[in-house]
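What follows is a set of notes on a single structure, which appears directly below.
Order of the sequence lines sets the chain letters (A, B, ...), proteins ahead of strands, with each chain counted from 1.
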There are 2 protein chains.
Amino acid sequence: MTHHLFVTQGNSDIPRWREAFPLARDCRPAMARAQAGKDDHVWVMSNVDDWGVLVNNLSRRGAIVAVLSYTPDSEEALQALACGARGYAHALSSPESLRQIQLVISNQGIWVLPELMAKVVGSTFRALGGESRVHEDTLAALTARERAVALSVAAGNSNKRVARELDITERTVKAHLGAVFRKLQVRDRMQLILMLSRQPVTEDLERDD
Amino acid sequence: MTHHLFVTQGNSDIPRWREAFPLARDCRPAMARAQAGKDDHVWVMSNVDDWGVLVNNLSRRGAIVAVLSYTPDSEEALQALACGARGYAHALSSPESLRQIQLVISNQGIWVLPELMAKVVGSTFRALGGESRVHEDTLAALTARERAVALSVAAGNSNKRVARELDITERTVKAHLGAVFRKLQVRDRMQLILMLSRQPVTEDLERDD
DNA sequence: ACTCACCCTGTCCTTCGGTCCAATACCCCG
DNA sequence: CGGGGTATTGGACCGAAGGACAGGGTGAGT
């Protein structure tokens, strides 16, 4: 059968893992390295020494690895994924979350904190030179004129300036801009800028008050 | 209840989707755009026009989107993810695979072809030297409060929202913001965003009329 | 002809953003 | 202690932004 291991550095207590997976065993890095094999599930704390190397080894041997961190950040998440981990989450995730994660990654899925997702994918996309392919897509939904207005606005120009630039009335600029907002589902020029200059945007939309 | 849609371009036959999800309906992009909402599951073929935009819209509205392609490649996969899709697979995946994918992505997971995963994440990590350290320089000139305001504004928030966030008056936000504008030599919040979300800025700034 | 999509413009009105001119309070430093 | 920097807020003012409502013009299809 497959093993199920928690790898911790020292005598740190194992938060709610025990609760999530009663059958699992906790161990030290060396032990994991020795025991884990194909299809085993291994959870590695990001505070163990050389966790990257460990994760790499394990996943290379066919183990299904998830990394848990007390201080999750996108950079570490990327590193974890790059080392072959299939999951990355907060170490204090609830037992339910942990089981959900296990479900996902044991089915060939990837699991990262939702808020990190955007960042990870974003930087990945940029890193691959795919650069502004997205924009072309989002902008593709616009008419030629709307696109021109959107781009100018996204460059930080005021409506008046855009008007002069395109040699139309400020009123017309507003009209086009309104259409852009509708089509791209943003509330104002700020979010337009963010959308076109990319990523963050956390969880805007809806509710301003 | 939640919808379950297959979005195809034209009269292409729906491979084995029917078999995997008997209850699902297939439709055109426009229909999907109109019907799909929060928590709906939508499968989009990568040969429909502007699938990127469509996926963007849908996922932004809370739908769970997966992209299927007859010719999967890492670039397209990344694009799909960047647009908010949670899954990317071959259009001719077996019904079992499709169900597995659905399981994964409906549990907050990400699903991409395993061999693409390595490529994508691998190259990323290397290419990800230093990301966004630029800001710390520019932001260093600000007081703690000003910095907080600046960052929130740069995230696309309105003055009112920032006020609530920091639990101060909108008036005070304006005061801090004014200071930020002076110190960073920008005229308004748009240029602030541009300054904080990219690096170049080369631009003129000057002259609006 | 007629519809449809796009482009352009107008007025009216509300809210938001930014600046000027204040004032109060805190804290650190000389 | 007095002076400078910071944080906070008030009021007033004005221009920018964006929505609501209403048009007029073109060209491509049907």
Classify the nucleic acid contact of B:Ala179 as base, sugar-phosphate or nothing, counting any heavy atom under 4.0 Å across all strands shown.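 Since no nucleic acid heavy atom lies under 4.0 Å of B:Ala179, the category is nothing.
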
Looking only at side-chain N and O atoms, does [X] come under 4.0 Å of OP1 or OP2 in [N]?
{"X": "A:Arg145", "N": "C:dC8", "result": "yes"}
{"X": "A:Thr143", "N": "C:dC7", "result": "yes"}
{"X": "B:Lys160", "N": "C:dC16", "result": "yes"}
{"X": "A:Asn159", "N": "D:dA17", "result": "yes"}

So which nucleotide from [options] ends up closest to the side chain of [X]?
{"X": "B:His176", "options": "C:dC8, D:dA17, D:dT8", "value": "D:dT8"}
{"X": "B:Arg189", "options": "C:dG17, D:dA16, D:dG18", "value": "C:dG17"}
{"X": "A:Thr169", "options": "C:dG17, C:dT9, D:dA16", "value": "C:dT9"}
{"X": "A:Glu146", "options": "C:dC7, C:dG18, D:dT9", "value": "C:dC7"}

Determine whether a donor-acceptor pair (N or O, by modelled atom type, separation under 3.5 Å) exists between the side chain of B:Ser158 and the backbone of B:Arg161.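 Checked: pair present.
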
Using whole Å, what does the distance between atom [atom2] of nucleotide [N] and atom [atom1] of [X] come to?
{"X": "A:Ile168", "N": "C:dC7", "atom1": "CD1", "atom2": "C1'", "result": "9 Å"}
{"X": "A:Lys174", "N": "C:dT14", "atom1": "NZ", "atom2": "C1'", "result": "11 Å"}
{"X": "B:Arg187", "N": "C:dG18", "atom1": "CZ", "atom2": "C1'", "result": "12 Å"}
{"X": "B:Arg161", "N": "C:dG17", "atom1": "CZ", "atom2": "P", "result": "12 Å"}
{"X": "B:Gln191", "N": "C:dG18", "atom1": "CD", "atom2": "P", "result": "10 Å"}
{"X": "B:Leu177", "N": "C:dC20", "atom1": "CG", "atom2": "P", "result": "14 Å"}
{"X": "B:Arg164", "N": "C:dC16", "atom1": "CZ", "atom2": "P", "result": "10 Å"}
{"X": "A:Arg182", "N": "D:dG19", "atom1": "CZ", "atom2": "P", "result": "9 Å"}

Is the shortest side-chain heavy-atom distance between [X] and [Y] below 4.5 Å?
{"X": "B:Leu151", "Y": "B:Val149", "result": "no"}
{"X": "A:Trp43", "Y": "A:Gln102", "result": "yes"}
{"X": "B:Asn159", "Y": "B:Lys174", "result": "yes"}

For B:Thr172 and A:Arg171, take the nucleotide of DNA chain D holding the closest heavy atom to each; which residue's nucleotide lies nearer the 5' end?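 Closest to the 5' end, via its nearest nucleotide, is B:Thr172.
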
Evaluate the ring planes of A:His41 and A:His4, with Trp represented by its six-membered ring, and classify them as parallel (under 30°), tilted (30 to 60°) or perpendicular (over 60°).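 Answer is parallel, since the angle falls under 30°.
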
